J.: 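Sharing a structure here in structure tokens format.
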Amino acid sequence: MAQPLSSTSSDFIRDIIDEDLRAGKNDGRVATRFPPEPNGYIHIGHAKSVCLNFGLALQYQGTCNLRMDDTDPVGESMEYVESIIRDIRWLGFDWQDRLFYASDYFEKLYQFAVLLIKRGDAYVCSLNADEIREYRGTFTQPGKNSPYRNRSVQDNLDLFARMRAGEFPDGAHTLRAKIDMAAPNIVMRDPILYRIKREPHYRTGNKWVIYPMYDFAHCLSDALENITHSICTLEFENNRPLYDWIVERLIEKNRPRQIEFARLNLSYTVLSKRRLIELVEKKYVAGWDDPRMPTVSGLRRRGYTPESIRQFCAAIGVAKNDNLIDVALLEHCVREDLNENAPRAMCVLRPLKVIIDNYPEGKVQQLTCANHPQRPEMGTRQVPFCREIYIEREDFMEDPPKKYNRLAPGREVRLRNAYVIKFESMVKDEKSGEITELHCTYAPETLDGPPADGRKVQGVIHWVSAEHSVPVEVRLYDRLFTISDPGAEEDFLKFLNPASLEILQNCRAEKNLADARPLTRYQFERQGYFCADEKDTKPGKPVFNRVVPLRDSWAKIAAVS
RNA sequence: UGGGGCGUCGUCAAGCGGUAAGACACAGGAUUUUGGUUCCUGCAUUCGGAGGUUCGAAUCCUCCCGCCCCAGCCA
């Protein structure tokens, strides 16, 4: 089932919006925005915000803008802008013609700053970075007024214009709001509004050498776009008084309102941009879209569906509690989607040859297999059966434990969609002792039913024809970290999971999979859900990524005994 | 330490003075040509703690405890 683009369940933000609507605020409009800084790829945490903001717009028949919050040229680039656009589209959301850039507001923001100066609410400060820090005071001690705090409006106007004109070196001056150096909230101690930074901007080039700070640019960008509810994460709660201070002075009506919610934390991974960049730059992963990454592009390449991510975001809810969501919930959401929608196929990951002695040599039978056991409308496919097949190595045990219901000496099993076979003998490599092939016999009457004498055959295993199957590469992914909360560790790289990727080169897939298109997903029966790799799948030569294994109650039983 | 925020099941999360939703996880059982799916069943006498108000408190009051955020010319 496709998941709705917005969740219908309520939360404290929807309660606030309902109240605002009831009170007749903003002419009944709801306008949100998703404001990423294009200095990295977006991840599942951003997806939570995307679903929230766009979901709200859909639910209240409002709008949600996409705005690049590009006020600090360091690290920002068009590559990131493009990835963000691609990822949000893929998630299923649409901002129509409302793609905006804070950098497009630079001139307007500059004029707002001039207005503030004229009113005596901002001044040019010539303290250097160290001095500013010293003057700021500490949590327990109030700050001191800058000696430049009382410059005349005229001087401030002149200096600010010259800052813009590039007359001063980086760091020589800043524009500061004149608020209160003794404010208990440090954010309000004459916050910096503009800094001089000679850094080419990926959009404005060398036009500007002064750039507005987040606190100044963000609230005004919201106002310029007529945003009604500016939703951000909890760490900005301290900044809300400043948001309001600026907006109250510069915006007359329909002032946007900031609301904060708790950012997502996911178990067994990291979500901070700094740490993700480190994983990429130090090559612990193959890139931003490595299937082990919690980035949207990584999840896409891994095989996650947009529906499953939306469903996940709806399931975790929105609140203000710090949280660490169990990655099992994310996995549950893809399984739910893929169980419903992914066609089934057979693929043997670690092949063991089986020769069916009583099956005629050279005979090939086309067996009809359902593409989905519960959805006949998904059709059937033909799978060839012959004398030599491959089964999974772990589906045979010479000396099986209790409750093992697969193949073993003296036992029989059902080949999925095919016959019941019985073990006859095995061949071992003399040197290594490794089992190289099995000999079995099949019961011809069991294609569509139980053995003639009605005896029960418990186990069912998957298989492929030795002759007709195709070789494929399969990549088995596991969690990137060995501990549930690596983000809490200073030295988080110590906890990287050395087994997060296992590459299997000799898998055998039914031939129908040979031409799998990139990003198509299947359930390999009895194994899990797999997705043809977006980049490495070539025509006739697919590479499959394991999205997530099937739930495995046998593994639990086997682990106990 | 000053300020801000948050504490309800292992993990999320409803609850807004009328007697603890739901989801994931976990544990049983049924059905099954995927040890999958599906279906039943169980899973907080209790809401960080202690007092108080009330016929009645997770919800109101008081005090205490714990965790998170803020001292970038990052966002």
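A quick note: this is a predicted structure, and the numbers were derived from the prediction, not measured. The chains referred to below are lettered A, B, ... by the order of the sequence lines, with proteins before strands, and numbering in each begins at 1.
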J.: Among side-chain atoms of R375(A) and N341(A), is any donor-acceptor pair under 3.5 angstrom?
T.: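 Judged by distance alone, the side chains do pair up.
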J.: Take H201(A) and F106(A) through the ring pair (Phe, Tyr, Trp, His ring centres under 6.0 Å) test and state the conclusion after the steps.
T.: CA-CA 12 Å; H201(A) 188 281; F106(A) 282 171; 5.7 Å; yes
J.: Taking atom P of rC69(B) as reference, at what distance in whole Å does atom CZ of R263(A) sit?
T.: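 Answer to the nearest Å: 10 Å.
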J.: Please report the distance, rounded to the nearest Å, between CG in D180(A) and P in rA71(B).
T.: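 Taking atom P of rA71(B) as the reference, CG of D180(A) is at 18 Å.
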J.: Taking the minimum atom-to-atom distance to the side chain of V187(A), which one of rU11(B), rC70(B), rA71(B) wins?
T.: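 Shortest atom-to-atom distance from the side chain points to rC70(B).
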J.: Distance check, C1' atoms only: rU31(B) and rG49(B), in whole angstrom units.
T.: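 Nearest-Å result for rU31(B) against rG49(B) at atom C1': 49 Å.
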J.: Counting the atoms with a prime plus P, OP1 and OP2 as sugar-phosphate, which does N323(A) contact under 4.0 Å by heavy atoms, base, sugar-phosphate, or nothing?
T.: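 Here N323(A) touches the backbone only, sparing every base.
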J.: Answer with yes or no whether the side chains of E412(A) and Y442(A) bring together a donor and an acceptor at under 3.5 Å.
T.: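 No - no donor-acceptor pair under 3.5 Å links their side chains.
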J.: Nearest whole angstrom, please: distance from the P of rU33(B) to the NE2 of H372(A).
T.: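 Rounded to whole Å, this separation is 16 Å.
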J.: Ring-on-base stacking between F139(A) and rC70(B), under 5.5 Å between centres and under 30° between planes: is it there?
T.: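 Yes, F139(A) stacks on the base of rC70(B).
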J.: Taking all heavy atoms of Y404(A) and all of E394(A), pick out the closest pair and write down the distance.
T.: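 Reported closest heavy-atom pair: OH-O, 2.7 Å.
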J.: Could you state the atom-to-atom distance from CG of L324(A) to C1' of rG10(B) in whole Å?
T.: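 Result: 12 Å.
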J.: Starting from the 5' end of RNA chain B, give me the residue, N339(A) or R416(A), whose nearest nucleotide shows up first.
T.: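 By nearest-heavy-atom nucleotide position, the 5'-most residue is R416(A).
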J.: Could you tell me how far rC69(B) sits from rG28(B) if I compare only their P atoms? Round to whole Å.
T.: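 To the nearest whole Å, 39 Å.
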J.: Whether R551(A) contacts rU37(B) is assessed here as follows: a side-chain N or O lying under 4.0 Å from the phosphate OP1 or OP2. Is that the case?
T.: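 So the side chain of R551(A) is within the cut-off, an N or O lying under 4.0 Å from OP1 or OP2 of rU37(B).
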J.: Give me, pair by pair, the N or O atoms of the protein and of nucleotides 72-75 of chain B that are less than 3.5 Å apart, along with how far apart they are.
T.:
{"unit_1": "rG72(B)", "atom_1": "OP2", "unit_2": "R133(A)", "atom_2": "NE", "d": "3.4"}
{"unit_1": "rG72(B)", "atom_1": "OP2", "unit_2": "R136(A)", "atom_2": "NH2", "d": "3.3"}
{"unit_1": "rC73(B)", "atom_1": "OP1", "unit_2": "R136(A)", "atom_2": "NH2", "d": "3.3"}
{"unit_1": "rC73(B)", "atom_1": "OP2", "unit_2": "R136(A)", "atom_2": "NH1", "d": "2.9"}
{"unit_1": "rC73(B)", "atom_1": "N4", "unit_2": "L127(A)", "atom_2": "O", "d": "3.2"}
{"unit_1": "rC73(B)", "atom_1": "N4", "unit_2": "A129(A)", "atom_2": "N", "d": "3.0"}
{"unit_1": "rC73(B)", "atom_1": "N4", "unit_2": "G171(A)", "atom_2": "O", "d": "3.0"}
{"unit_1": "rC74(B)", "atom_1": "OP2", "unit_2": "R195(A)", "atom_2": "NE", "d": "2.9"}
{"unit_1": "rC74(B)", "atom_1": "OP2", "unit_2": "R195(A)", "atom_2": "NH2", "d": "2.8"}
{"unit_1": "rC74(B)", "atom_1": "OP2", "unit_2": "K197(A)", "atom_2": "NZ", "d": "2.9"}
{"unit_1": "rC74(B)", "atom_1": "O3'", "unit_2": "R195(A)", "atom_2": "NH2", "d": "3.1"}
{"unit_1": "rC74(B)", "atom_1": "O2'", "unit_2": "D72(A)", "atom_2": "OD2", "d": "3.2"}
{"unit_1": "rA75(B)", "atom_1": "OP1", "unit_2": "T71(A)", "atom_2": "OG1", "d": "2.7"}
{"unit_1": "rA75(B)", "atom_1": "OP1", "unit_2": "R195(A)", "atom_2": "NH1", "d": "3.4"}
{"unit_1": "rA75(B)", "atom_1": "OP1", "unit_2": "R195(A)", "atom_2": "NH2", "d": "2.9"}
{"unit_1": "rA75(B)", "atom_1": "OP2", "unit_2": "Y214(A)", "atom_2": "N", "d": "3.0"}
{"unit_1": "rA75(B)", "atom_1": "O3'", "unit_2": "D69(A)", "atom_2": "OD2", "d": "2.9"}

J.: When all nucleic acid strands are considered with a 4.0 Å heavy-atom cut-off, which category describes A555(A): base, sugar-phosphate, or nothing?
T.: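 Answer is nothing: A555(A) stays at 4.0 Å or more from every strand.
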J.: State whether H332(A) places a side-chain N or O below 4.0 Å from either non-bridging phosphate oxygen (OP1 or OP2) of rC24(B).
T.: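 Looking at the OP1 and OP2 atoms of rC24(B), one of them is under 4.0 Å from a side-chain N or O of H332(A).
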J.: For RNA chain B, whose closest nucleotide is more 5', that of Q374(A) or that of L329(A)?
T.: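 The residue mapped nearer the 5' terminus is L329(A).
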J.: Between D11(A) (CG) and rA13(B) (C1'), how many Å, whole number?
T.: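 Atom-to-atom, D11(A) to rA13(B), this comes out as 11 Å.
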J.: Remember a base hit wins even if backbone is also touched, and classify E237(A) as base, sugar-phosphate or nothing at under 4.0 Å, heavy atoms.
T.: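 Sugar-phosphate contact only.
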J.: Taking the same atom, C1', in rA58(B) and in rG2(B), what whole-Å distance lies between them?
T.: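 Here rA58(B) and rG2(B) have their C1' atoms 31 Å from each other.
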J.: Identify whether the distance between the nearest side-chain nitrogen and carboxylate oxygen of R546(A) and D478(A) falls below 4.0 Å.
T.: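 Answer for the salt bridge query: no.
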J.: Give the rounded distance in Å between these two atoms: CZ of R189(A) and P of rG4(B).
T.: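 My rounded result for the distance is 13 Å.
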J.: Which nucleotide, in any strand shown, forms a Watson-Crick or G-U wobble pair with rC39(B), with both distances under 3.5 Å?
T.: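 Here rC39(B) is engaged in a pair, and the nucleotide opposite it is rG29(B).
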J.: Does a side-chain N or O from S553(A) land closer than 4.0 Å to OP1 or OP2 of rG36(B), or not?
T.: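 For S553(A), the contact criterion (side-chain N or O under 4.0 Å from OP1 or OP2 of rG36(B)) is met.
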J.: Provide the Watson-Crick or G-U wobble partner of rG2(B), both distances under 3.5 Å; none if there is no partner.
T.: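 With both distances under 3.5 Å, rG2(B) matches rC70(B).
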J.: For Q141(A), which contact category applies under a 4.0 Å heavy-atom criterion: base, sugar-phosphate, or nothing?
T.: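 Nothing: the residue Q141(A), judged by heavy atoms under 4.0 Å, touches no strand.
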J.: Is a donor-acceptor contact shorter than 3.5 angstrom present between the side chain of R335(A) and the base of rG36(B)?
T.: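 Between rG36(B) and R335(A), which were checked side chain against base, a qualifying N/O pair under 3.5 Å is absent.
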J.: Could you state the atom-to-atom distance from NZ of K320(A) to P of rC6(B) in whole Å?
T.: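 The distance from NZ of K320(A) to P of rC6(B) comes to 5 Å, rounded to the nearest Å.
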J.: Taking any heavy-atom pair under 4.0 Å as a contact, classify V548(A): base, sugar-phosphate, or nothing.
T.: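 Nothing, no nucleic acid heavy atom in range.
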J.: Should rA58(B) form a Watson-Crick or G-U wobble pair with both distances under 3.5 Å, which nucleotide is its partner?
T.: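 Paired with no nucleotide.
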J.: Can you find a donor-acceptor N/O pair under 3.5 angstrom joining the side chain of Q527(A) to the base of rU34(B)?
T.: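 No pair found.
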J.: Please report the distance, rounded to the nearest Å, between CG in N405(A) and P in rU33(B).
T.: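 For the pair N405(A) CG and rU33(B) P, the rounded distance is 13 Å.
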J.: Is any side-chain nitrogen or oxygen of N238(A) closer than 4.0 Å to OP1 or OP2 of rC69(B)?
T.: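 It does not, given that no N or O in the side chain of N238(A) lies less than 4.0 Å from OP1 or OP2 of rC69(B).
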J.: So, does the side chain of D552(A) form a donor-acceptor pair with the base of rG35(B) at under 3.5 Å?
T.: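 No, the side chain and the base share no sub-3.5 Å donor-acceptor pair.
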J.: Assign Y404(A) to base, sugar-phosphate, or nothing according to its heavy-atom contacts below 4.0 angstrom with the strands shown.
T.: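 Touches a base.
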J.: May I ask you to check whether H462(A) and Q527(A) show a side-chain donor-acceptor distance below 3.5 Å?
T.: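 A donor-acceptor contact under 3.5 Å links the two side chains.
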J.: Which distance, rounded to the nearest 0.5 Å, do you find between the CZ of R508(A) and the CD of E392(A)?
T.: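 Reported value, rounded in 0.5 Å steps: 13.0 Å.
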J.: Any side-chain heavy-atom pair from W245(A) and V187(A) closer than 4.5 angstrom?
T.: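 W245(A) does not reach V187(A) side chain to side chain.
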J.: At under 4.0 Å between heavy atoms, what does P142(A) touch on the DNA or RNA strands: base, sugar-phosphate, or nothing?
T.: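 Contact class for P142(A): none.
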J.: Any side-chain heavy-atom pair from V334(A) and Y529(A) closer than 4.5 angstrom?
T.: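 Of all side-chain heavy-atom pairs linking Y529(A) with V334(A), none is under 4.5 Å.
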J.: So what does R414(A) touch, heavy atoms closer than 4.0 Å: a base, only the sugar-phosphate, or nothing?
T.: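 Base contact.
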J.: Distance check, rounded to the nearest 0.5 Å: E167(A) atom CD versus H173(A) atom NE2?
T.: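 Here the interatomic distance stands at 9.0 Å.
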